[in-house]
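Following: one structure in structure tokens, then a few remarks.
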Amino acid sequence: MIKLNPQQENAVNHLDGPLLILAGAGSGKTRVIVNRIVHLIRHHNIPPRHILAVTFTNKAANEMKERINAMLGFPAGLTIGTFHSICARLLRRECKHVGLIESFTIIDDSEQIVRIKRAITAAGFNAANMIPRAVLDSVSRAKNAFMSPDDYNENAGFNIFQKQVAKIYAQYEKDLAADYSLDFDDLLIKTVNLLKDSPEITSRYQDRFRYIMVDEYQDTNSAQYQFVQLLADRYRNIMVVGDDDQSIYRWRGAEIANILNFSKDFPGARIIKLEQNYRSSQAILSAASALMKKNSKRMEKKLWTDRKGGDKPTIARVLDERAEARYIIREIKRMKGEEGRSFIDFAVFYRINAQSRVFEEEMLSAQLPHKVMGNVGFFKRKEIKDLLAYIRLILNPFDSGACRRIINVPKRGIGRTTVQRLEEYAESLNKDLFSAIEMIEETDILQGFKQERVSGFKLIIQNLIRISRSENLTKFFKKLLELTEYPEMYESQDTPESVVSLEIIQEFENMVADYQERIGGDIKEFADYLSLHDSQSESGVSGNESVDRDYVSLLTLHNAKGLEFPVVFVSGLEEGMCPYYRDKEEMKLQELEEERRLLYVGMTRAKERLYLCAGNERRLHGKIRHSRPSRFIREIPEEMLDVQNMTVAAVSTVGQQQIPPFTDVPAVSISHPTSSADFKPGERVRHHKLGNGTVIRCDGTGPSTKITISFDRAGKRKLMLGVCRLIKLN
DNA sequence: ATTAGCGTGCTTTTT
DNA sequence: GCACGCTAAT
């Protein structure tokens with residue numbers, strides 16, 4: 001291992017008092033945090049229980065924990081976690097002080113949307129006229145500004161939308177409280193409110209966490225900021241690490257001012273700048289720094305590296321997005337051949353997710369192994385949400401949202417009208433939905449037949465509640481699947497979709513087993529793990545991709561933060577795409593600067609080679625638009641760049657040879673109705689999830705054609721041609 | 001209770 | 001260009 005540089009050393013040796021570490025890209029900040037924690041424990045005999053390390057992602061937290069434990073040689077027993085998981089744990093412990101039950105539910109953003117929609121209707125508005133997302137964003141902003149619905153209402157003045165939001169906000173909060181449910185914002189806000197209101201509790205935690213470390217401090221929002229301030233108030237042993245140049249979540253409430261004002265908040269704070277970059281070549285670093293100089297309001301940093309020289313970043317002018325993808329593919333293949341690189345050395349970044357499609361299609365047909373990173377697909381699946389709703393209801397029977405979701409899934413003959421009656425009954429009792437269900441036998445609001453159905457559901461849940469108290473996680477989950485008969489509803493179908501659903505359920509079961517093995521069999525902890533899940537982690541990816549370790553990574557610029565690759569391609573460097581805007585006139589300086597930081601983050605991920613691609617035209621929202629190169633390219637001095645014009649060459653030379661011309665690459669289902677004639681028995685095909693296979697038979701014509709394929713790894717499958725995106729192989 | 005047919009409206013998303 | 005959500009029809 002390399003020796004720490006003097007600045008890193010200073011940071012690691014710092015003992016007491018506030019410290020701000022301005023850690024430039026690739027300057028080894030995680031290393032500093034890890035080493036300092038180990039140093040505190042080993043050399044200053046600080047008991048690990050007095051140390052708190054806060055991160056933004058589970059991935060970062062786990063990585064840190066592992067590195068610390070490895071260095072110490074034993075599990076350190078300090079507190080490391082995300083803001084949200086730390087607050088959740090604190091709130092469960094202190095639940096009685098905040099009017100919660102210990103097993104309160106944590107809801108994710110998709111559930112938030114469901115709740116907002118309900119609140120819109122319940123508040124007396126027409127759901128069709130309001131965009132739930134917009135309402136939710138306003139509510140979230142209000143909450144994070146510690147504004148109550150009443151505050152918000154007064155503040156709204158004559159703004160009709162805001163007046164409406166105030167009512168919806170009130171309704172939303174009322175519903176959540178009734179369910180003992182907290183959204184992500186609540187985890188932070190309720191914790192801060194608890195600490196603000198209760199000096200004794202605050203004192204306890206201040207005394208517990210005497211050494212506090214916060215990673216990615218530039219991304220903290222106001223609640224996170226206050227949380228840190230409150231905890232650090234007594235001992236002032238607070239170290240924050242961050243880089244104002246890498247602040248890319250302003251639109252989510254992150255306040256760059258938190259890091260800029262650190263020395264004002266903690267007078268006498270020591271500032272250490274980590275400016276030596278261990279990642280990128282000088283050529284890449286110079287270009288990135290030149291770009292960043294165009295931003296105002298930043299803390300001056302002079303990143304440097306001793307890896308002099310290196311290839312200048314390539315500016316690749318291409319015809320359009322498809323030429324861009326092919327150019328990138330060609331370059332990857334060339335470098336793999338000429339320089340002996342692996343696919344895993346390459347990454348393609350894009351501004352918006354929609355851009356990934358062309359790369360997926362072209363890489364599929366070019367047979368280039370690739371993986372779209374940061375997909376939360378698994379947790380968005382209906383099956384996962386349903387099963388999680390069961391778990392939530394069982395752990396917290398007050399959770400009417402969860403109850404509503406699964407009361408008739410699978411179908412139990414409890415239809416809309418029956419649920420309506422139950423809701424009204426619950427309302428009249430001033431109780432939650434499941435309590436009403438438990439009392440249904442004492443009334444005659446339902447016909448005997450319907451009442452039996454509801455009682456059946458009640459018994460399932462009551463049984464599972466009992467089982468959850470006596471059995472461990474895997475046994476409980478097995479019983480859950482058995483008693484709810486959830487898998488049966490797909491087993492009885494045998495459609496391509498139902499096969500996928502069963503796979504998802506299987507994947508969930510694997511996850512349960514894996515969790516129990518790795519962490520333990522506590523059901524409540526598992527539920528938290530699911531609710532505060534990490535979309536970046538490997539688990540939950542269905543299919544066989546994980547078997548193949550060598551692939552090109554495809555990801556958004558946002559998802560690229562914290563990662564590094566030997567070769568990076570940044571795509572779509574065009575005005576409107578990067579910087580992204582709909583209306584150039586409406587874009588504010590702050591937004592432009594954040595877009596610039598976003599590109600800076602992308603550029604500084606590259607270790608050896610960097611490509612910035614710009615197309616002459618691009619298809620966006622179904623329309624082809626002529627595009628101009630991004631202003632960001634012009635902001636980098638031309639002598640720092642290697643400008644290549646591929647607008648002519650890309651089509652003629654690349655198109656024909658290695659990569660089949662576009663017309664021969666039907667991403668079949670996507671636009672044209674396909675006839676069975678396109679696929680004949682014996683032909684080799686590729687499916688994006690299931691891998692390669694051989695066509696066995698093909699029945700019918702048009703998009704509803706059923707095609708049977710024997711997959712090399714996934715076995716024999718029946719698929720609907722219209723929905724499965726098959727690619728012919730030769 | 002399901003489903004086809006249309007209309008709309010599009011960033012980024014650590015938790 | 002595609003997905004999602006609502007409406008209307010069975």
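Residue numbers start from 1 in every chain, and the chains themselves are labelled A, B, ... in the order their sequence lines are given, proteins ahead of strands. Note that the structure is predicted; figures quoted are calculated from it, not measured.
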Open item on the list: Once salt bridge (charged side-chain N to carboxylate O under 4.0 Å, His left out) is applied, do any residues pair with A/E574, and if so which ones, sequence neighbours excluded?
Closed with: A/R618
- [ ] For A/E595, answer base if it contacts any base atom (sugar-phosphate contacts may also be present), sugar-phosphate if it contacts only those atoms, and nothing otherwise; contact means non-hydrogen atoms under 4.0 Å.
- [x] base
Open item on the list: Going by the rule side chain to side chain contact (heavy atoms under 4.5 Å, CB included), which residues pair with A/V358 if we only count those two or more places apart in sequence or in a different chain?
Closed with: A/E321, A/R322, A/A325, A/E362
TODO: Give a yes or no on whether a donor-acceptor pair under 3.5 Å exists between the nucleobase atoms of B/dT11, that is its base, and the side chain of A/R252.
DONE: no
TODO: Check the distance between C/dG1's C1' and A/Q355's CD and give it to me in whole angstrom.
DONE: 15 Å
TODO: Describe the nucleic acid contact of A/R351 in one word from base, sugar-phosphate, nothing, applying a heavy-atom distance below 4.0 Å.
DONE: base
Open item on the list: Tell me the interatomic distance from A/I414, atom CD1, to B/dA1, atom P, rounded to whole angstroms.
Closed with: 12 Å
TODO: Sequence neighbours left out, what passes side chain to side chain contact (heavy atoms under 4.5 Å, CB included) with A/I113? Give chain and number order.
DONE: A/K117, A/P132, A/R133, A/L136
Open item on the list: Of the listed nucleotides (B/dT15, C/dG1, B/dT13), which one gets closest to any side-chain atom of A/Y249?
Closed with: B/dT13
Open item on the list: If you take any heavy atom closer than 4.0 Å to DNA chain C, which residues from residues 80-91 of chain A end up in contact?
Closed with: none
Open item on the list: Students often get this wrong, so: under 4.0 angstrom with heavy atoms, is A/D108 touching a base, only sugar-phosphate, or nothing?
Closed with: nothing
TODO: Name all residues meeting the salt bridge (charged side-chain N to carboxylate O under 4.0 Å, His left out) criterion together with A/R605; count only those two or more places apart in sequence or in a different chain, and write none if there are none.
DONE: none
Task: Phosphate contact (B/dT15 OP1 or OP2) by A/K59 side-chain N/O below 4.0 Å - done: no
Task: Proximal nucleotide (of B/dT13, B/dT15, B/dT12) relative to the A/L532 side chain - done: B/dT15
Open item on the list: Once you apply a heavy-atom cut-off of 4.0 Å, does A/N353 come out as touching a base, just sugar-phosphate, or nothing?
Closed with: sugar-phosphate
- [ ] Send over the distance from A/D583 CG to B/dG9 P, rounded to a whole Å.
- [x] 17 Å
Can you tabulate the close N/O pairs, meaning under 3.5 Å, that link protein atoms to atoms of nucleotides 8-10 of chain C?
none

- [ ] Kindly write out the residues that satisfy side chain to side chain donor-acceptor pair (under 3.5 Å) with A/Q218, not counting sequence neighbours, or none if the list is empty.
- [x] A/E216
Can you give the donor-acceptor pairs under 3.5 Å from side chains of residues 84-94 of chain A to other protein atoms, not counting sequence neighbours?
from  : atom 1 : to     : atom 2 : distance (Å)
A/S85 : OG     : A/T82  : N      : 3.2
A/S85 : OG     : A/T82  : O      : 3.3
A/S85 : OG     : A/T82  : OG1    : 3.1
A/R92 : NE     : A/D528 : OD2    : 3.1
A/R92 : NH1    : A/E102 : O      : 2.9
A/R92 : NH1    : A/F104 : O      : 2.8
A/R92 : NH2    : A/F104 : O      : 3.2
A/R92 : NH2    : A/D528 : OD1    : 2.5
A/R92 : NH2    : A/D528 : OD2    : 3.4
A/E94 : OE1    : A/R204 : NH2    : 3.1
A/E94 : OE2    : A/R204 : NH2    : 2.3
A/E94 : OE2    : A/Y205 : OH     : 2.6

Under-3.5 Å N/O pairs linking protein and nucleotides 2-7 of chain B:
from  : atom 1 : to     : atom 2 : distance (Å)
B/dT2 : OP1    : A/K411 : NZ     : 3.2

Open item on the list: Can you tell me if A/T55 touches the phosphate of B/dT14, counting only side-chain N or O atoms and a distance under 4.0 Å to OP1 or OP2?
Closed with: no
Open item on the list: Is there aromatic stacking of A/W251 on B/dT12 here, judged by a ring-centre distance under 5.5 Å and a plane angle under 30°?
Closed with: yes
- [ ] Measure the distance from CG on A/L557 to C1' on B/dT14 and round it to the nearest whole Å.
- [x] 15 Å
- [ ] For A/N221 and A/G253, indicate whether the former's side chain and the latter's backbone hold a donor-acceptor pair under 3.5 Å.
- [x] no
TODO: Please report the shortest heavy-atom distance between A/M373 and A/S553, naming the atom on each side.
DONE: CG-CB, 4.0 Å
Task: Rounded interatomic separation in angstrom, taking NZ from A/K143 and C1' from B/dT15 - done: 14 Å
Task: salt bridge (charged side-chain N to carboxylate O under 4.0 Å, His left out) involving A/E564 - partner list, sequence neighbours excluded - done: A/R279, A/K607
Open item on the list: List the residues meeting side chain to side chain contact (heavy atoms under 4.5 Å, CB included) with A/T604, not counting sequence neighbours, and say none if there are none.
Closed with: A/A25, A/A288, A/Y600
TODO: Can you tell me the distance, in whole Å, between the CZ atom of A/R582 and the C1' atom of B/dT12?
DONE: 13 Å
Open item on the list: Once salt bridge (charged side-chain N to carboxylate O under 4.0 Å, His left out) is applied, do any residues pair with A/D245, and if so which ones, sequence neighbours excluded?
Closed with: A/R298, A/K301
TODO: Can you label the angle between the A/Y249 ring and the A/H558 ring as parallel, tilted or perpendicular, going by 30° and 60°?
DONE: tilted
Open item on the list: Which nucleotide wins on minimum distance to the side chain of A/K561, given the candidates C/dG5, B/dT14, B/dT12?
Closed with: B/dT14
